[in-house]
Amino acid sequence: MSLLVSIKKYYKGFTLDANFEMDEEYLGILGASGSGKSMTLKCIAGIETPDEGLIVLNGRVLFDSANKINLSPQERNIGYLFQNYALFPHMTAEQNIGAGLKLTKKEKKIKTDEIIRSFHLEGLENKYPSQLSGGQQQRVALARIFAYEPDVLLLDEPFSALDSHLKDKIQAEVLDMLNLYKGKVLMVTHSMDEVYRFCENLVVIDKGRTVLSEKTKELFIKPRHAAAARLTGCKNISRCDVLSKHSVYAVDWDFIFETENIVPENINYIGIREHSFQMTDTADKKNTVVCKVNKVVEEVFDYIIMFENMNNKTPNENSEILFKVSKDEWNKRKNNKSLYLNVPDDSILMLK
Amino acid sequence: MDWSPMLISLRTASLSILITFFLGIFAARLVAGMKSDKLKIVIDGLLTMPLVLPPTVVGFFLLLIFGVKRPLGMLLLQFLSVKIIFSWTATVLAAVVVSFPLMYRSSRGAFEQVDETLVMAGRTLGMSERKIFWRVVMPAALPGVASGGVLAFARGLGEFGATAMIAGNIANKTRTLPLAIYSEVAAGNLEGAYGYVAVVLMVSFVVLSMMNYFTSKERKYSNKD
């Protein structure tokens, strides 16, 4: 069971160039909006046609530009959960679920009843999509796909249309439902939380290009690319010059970090997560920044401190650094004359 | 009052809407599915032409095509012994050509407004293109298609210029309601025209009410409750 994707699609001023192979059950495609991730899914499903490349599913060639093979979506047997669920508005939930089935009336009834039960949709069979809540609509849409028994399930931003207070509950529900499914699941999203919850492995797409693919947990703990770091929520990223094996100069922050860890030669950026800083009382320790606080933003449980390196001689628009701190911590030191922030060795991300 | 214009008009409008309805849907589906935008514009322009041209000009062209001295007219006459010009068929032909753009445009607009992801969803669920069209696109576009049909019916019923050109104004044969009104007024018989005018007014009102009904139905699925 594997899915191989290697496709190119050209637009004015934008090229989609997606390359990855999927052997595992769950794969996430993470990318900012406009990065081409939804288009990649559509090409796999056959709704859009790539300009060149190859798509192979379990040894079956779905698309091959060199040999002029391009199976229709109907022939591909791939399930696609659309962002807006794409339920047929004039069909009831039950009719929607049965829409793609080529069975006799009797068989269809048996099958849809079974699916309705396993998706806990009893009582909603005769409702139209507009009479269902967002979560219920999503269940019907998933049920409709499951009834069709696809080889691969493609999820396109599955939770973006839900209210945030429902998201956690529905994500858990969907995870349960996905466990009923035996095939592969490929999910596209811009949310790192969703990828972290659902996918063991992920592919990062940035500006149409596959930047990297690896184990999800590893990526979050130790991203190696600036784009990946940004997607995993790292807010502070500076261009850098490597000075030696144990020191690196952060250009935007005008600060030299000295590290115990060896600095790789081929890095272009360094990153520090906003919660990685530690407040200290003096600037004695190495890698301690003396801060000029620009702004303090209050959140529910934290403060976000926006600051610059006090000694930055070449400030630019990228010089501001974010520091997230719990209210207790901040209140302990907020009356200090200066703010000193220390960066622990291990929290400096070395990025390509 | 002579009832024959009403019967002729009713028969003409009924047959012509039947033809226009399916022809319009077919053309709309064809054009809506076209890949090349340039071709789309050209074809669309050609198909919409009868809507903006004076009906007499449409009639003029129909004469050019179906006149007995013209290739197509001659062919029909010789091999099928069908003479279209100045026959009842000509009233239908005129009504179809003039009402076609209304049907075509409304249904095309309705098709294009159908959420494209519905079609894509149908495809990924293995539904055939035909099934997608009749089970997904058509029901979603039905209010627009239906109101297009109603409009086209009214237009066919009121057709005057092209009909006069190719069907003439032969009592009991090609004299439709609008032509009857014209004839009565031309003969100075205003009283005679009143009856026909009343019928046309009534039918038009019913048609407009039906259209409003269809468009209000459009909201049914988008409303919650």
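Predicted, not measured: the structure shown is a model, and the values here were computed from it. Just the heavy atoms: all of them, side chains too, but no hydrogens, waters or symmetry mates, feed the values below. Chain A is the first sequence line, chain B the second, and so forth, proteins listed ahead of strands; every chain is numbered from 1.
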Give, as side chain, backbone, both or neither, the part of [X] having an atom under 4.5 angstrom from any heavy atom of chain B.
X: A:Asn77; value: neither
X: A:Leu154; value: neither
X: A:Leu101; value: backbone
X: A:Ile47; value: side chain

Would you check if the side chain of [X] reaches a backbone N or O of [Y] as a donor-acceptor pair within less than 3.5 Å?
X: A:Lys102; Y: B:Gly126; result: yes
X: A:Gln74; Y: B:Met127; result: yes
X: A:His90; Y: B:Arg135; result: yes
X: B:Lys131; Y: A:Gly100; result: no

For this session: Would you mind reporting whether B:Met120 and A:Tyr80 have side-chain heavy atoms less than 4.5 Å apart?
Result: no
Exercise. Side chains of A:Pro89 and B:Leu118: does their closest heavy-atom pair fall under 4.5 Å?
Worked result: yes
Just checking [X]: does its [atom1] atom have more than 12 heavy atoms from other residues, nucleotides or ligands closer to it than 6.0 angstrom?
X: A:Glu52; atom1: CD; result: yes
X: B:Phe60; atom1: CZ; result: no
X: A:Phe14; atom1: CZ; result: yes
X: B:Met138; atom1: CE; result: yes
X: A:Tyr11; atom1: OH; result: yes
X: A:Lys108; atom1: NZ; result: yes

Starting at [atom1] of [X], measure out to [atom2] of [Y] and round the result to the nearest 0.5 Å.
X: B:Thr117; Y: A:Asp156; atom1: OG1; atom2: CG; answer: 10.5 Å
X: A:Phe88; Y: B:Asp115; atom1: CZ; atom2: CG; answer: 10.5 Å
X: A:Arg144; Y: B:Thr124; atom1: CZ; atom2: OG1; answer: 7.0 Å

Exercise. Given the options A:Ala86, A:Gly79, A:Ser72, which has more heavy-atom pairs under 4.5 Å with chain B than any of the others?
Worked result: A:Ala86
